[in-house]
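Bear in mind that the values here come from a model prediction, so they are computed numbers and not experimental data. Counting starts at 1 for both ligands and their atoms, in listed order.
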Amino acid sequence: MVAKCFFRPISLPFTSFCPTLLVSLKPSGSDLTFVSQLCIAAHAFTCQTFPYGPSLWKGKIPSQYPSDFEKTADRKLLDQCKEDGAEEEKAIAEEEFTREFGIAALRVPAKDCFALENRLRGHLLNWPRIRNIARVPGDEVGEEFVSLLGDSRKIEDEEAEHGDLVVLDPRTYGKEEGDGESLSLVLYREKLAKEFNSKGYVKFRNLAKISRPKRKKKRKEENGDGGSEGIERNRKNEFAVVEVVEEQEERENWKGLLGDEFKGKWKWKGSTRLLLLDERYAEKRMEELPRAIKVAFEEAMKDNLTSTFELVRCKLTLFYEYWQMNEVLETLLPKDMIVPSAFETVGHIAHLNLRDEHLPYKKLIAKVVLDKHKPKIQTVVNKIDAIHNDYRTMQLEVLAGNHSLVTMVVENGLRFNVDLATVYWNSRLATERQRLLNGFTRDDVVCIVYANDLNPHAVDYLERNSVLNKLERKIRVFNMDGRRFINAMFTSEKAHSITQVVMNLPNDAVEYLGMLSYIVVLGHR
Ligand SMILES: C[S@@+](CC[C@H](N)C(=O)[O-])C[C@H]1O[C@@H](n2cnc3c(N)ncnc32)[C@H](O)[C@@H]1O
């Protein structure tokens, strides 16, 4: 089961992703010691055994892909990234992140699945984002079909009524008859078809549905999409697929005859669901399973439901879409490199602060960030220089996604349009802004806010945003140097009504105090 040992400090829980807070990737001296010690502990642990749960290093790579992950196209791509300075947006070979896991499951009647899930919870698969009640194609069977073909008690009644079927039915299910040959499903279906009367499908009306391909599907086939099925078709919308592996062959036979819709219901047992069992039971037989499962099985046997309570082997396939950003990056970046695990978000923009060592891989990192946080994130940028201009705007390089740096931020119920190319914005200040608001008292409430910023773009956005939030009548906007603004305010009669001044220009604000005893900073908002 264990494919490879993988020791990466980033796997430690305290480095987990936080969408709004930019976690520093450079620990301070004392932190570093702490990290190293924990890493050693983590290494010792992973060396002995793989932790519970799915991992790109644990699952089986589907046979059509290279078995040595180190030499995949992505690895070559990385080398290429280094050579060409990561100029192009890199495509990721998503298929190479597909992993298959063998697991066991209980097939149970659909109507009982929630009760059984509750009852057997401790024994079910507990992997992130994987539901332990699984559906497989064809597990839904209409009541008419159950009574028509699936329920053994009803079939017995039918047999008594229609002598021919008594002969045909056992052969359909693969049993030998007098002549030693097993009757094909085609013959069985023909026999059923003879039961139709001239008015139409009175008795077997659902067989009409079976014979007729669905319109939607037909259209798909015309478009050339019809060939892809099973995993390929599912994976467009899903990050994981469960397949029952034991019945593959038989199912294919039924599928050929009756169409996709019925390929999973070859035994006509009625609607069923799969309860995925914990990974440690993957290879176990029924008698080796925990008592709770065996008791549930015995109860089902007593109720004569054995046909819909069985242990089956499954293949759980996880696709690129399943894996988290750090899991994908851990496999893509060089082993000794700390994986960027966090970024700041401003509206639709993810703002990275990459270290120098990441720069050769910046496009690849950005692509993974984009893939893993769509649709909320549409653009990934990296800060390319420290802020050292008066307007405090950042030099940003767009690494992936659309190139628009104009975005909408919602904070404390207010909406702000900002253009990161021309205006300073820092989502991390949201808490500080809230703290300031909390500090105001009833007596501090002023009907008019005097707002000033040196940056004309910031002032432009301030005006737009005050309109956007229907506050334009309560805000007076100025575009002046802070010193002049404060002097002007406090030499006018407006000074009498001002109780608070907020000034968030940390470097210089203190110099603007001038004649004030206490000061507020008014930024571009
Ligand atoms: C740290 S940003 C804060 C922006 C905004 N108030 C906020 O909270 O997001 C500092 C702001 O001070 C403005 N600024 C810089 N020098 C200034 C000056 N001399 N007078 C007035 N505003 C100034 C910058 O344009 C920038 O928007």
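Below 3.5 Å of separation, one finds an N or O of Asp453 facing an N or O of ligand 1. Inclusion of Asp481 in the set of residues having an N or O under 3.5 Å from an N or O of ligand 1 is warranted. Checking only distances, Gly482 does come within under 3.5 Å of ligand 1, N or O to N or O.
Here Arg433 has side-chain heavy atoms under 4.0 Å from ligand 1, and that is the only part of it that gets that close.
The line from CH2 of Trp323 to OG of Ser55 is 6.0 Å long, rounded to the nearest 0.5 Å. Rounding to the nearest 0.5 Å places CZ of Arg392 at 12.0 Å from CG of Leu454.
Here the two rings, on His373 and Phe343, have centers that are under 6.0 Å apart.
For Glu357, the side-chain hydrogen bond (donor to acceptor under 3.5 Å, both in side chains) partners two or more places apart in sequence, or in a different chain, are Arg355. Under the side-chain contact (heavy atoms from CB on, under 4.5 Å) criterion, Asn126 pairs with Tyr52, sequence neighbours left out.
Near Met480, meaning under 4.0 Å from one of its heavy atoms, ligand 1 places the atoms 20 (N), 21 (C). The contact set between ligand 1 and Leu454, taken as ligand atoms under 4.0 Å from a residue heavy atom, comprises 16 (N), 17 (C), 18 (C), 19 (N), 20 (N), 21 (C), 22 (N), 23 (C).
Heavy atoms of Tyr424 approach ligand 1 to within less than 4.0 angstrom. In this structure, Leu505 counts as a contact residue of ligand 1, since one of its heavy atoms falls inside 4.0 Å of the ligand.
Counting only distance, with no hydrogens or angles, the side chain of Glu344 and the backbone of Ser427 share a donor-acceptor pair below 3.5 Å.
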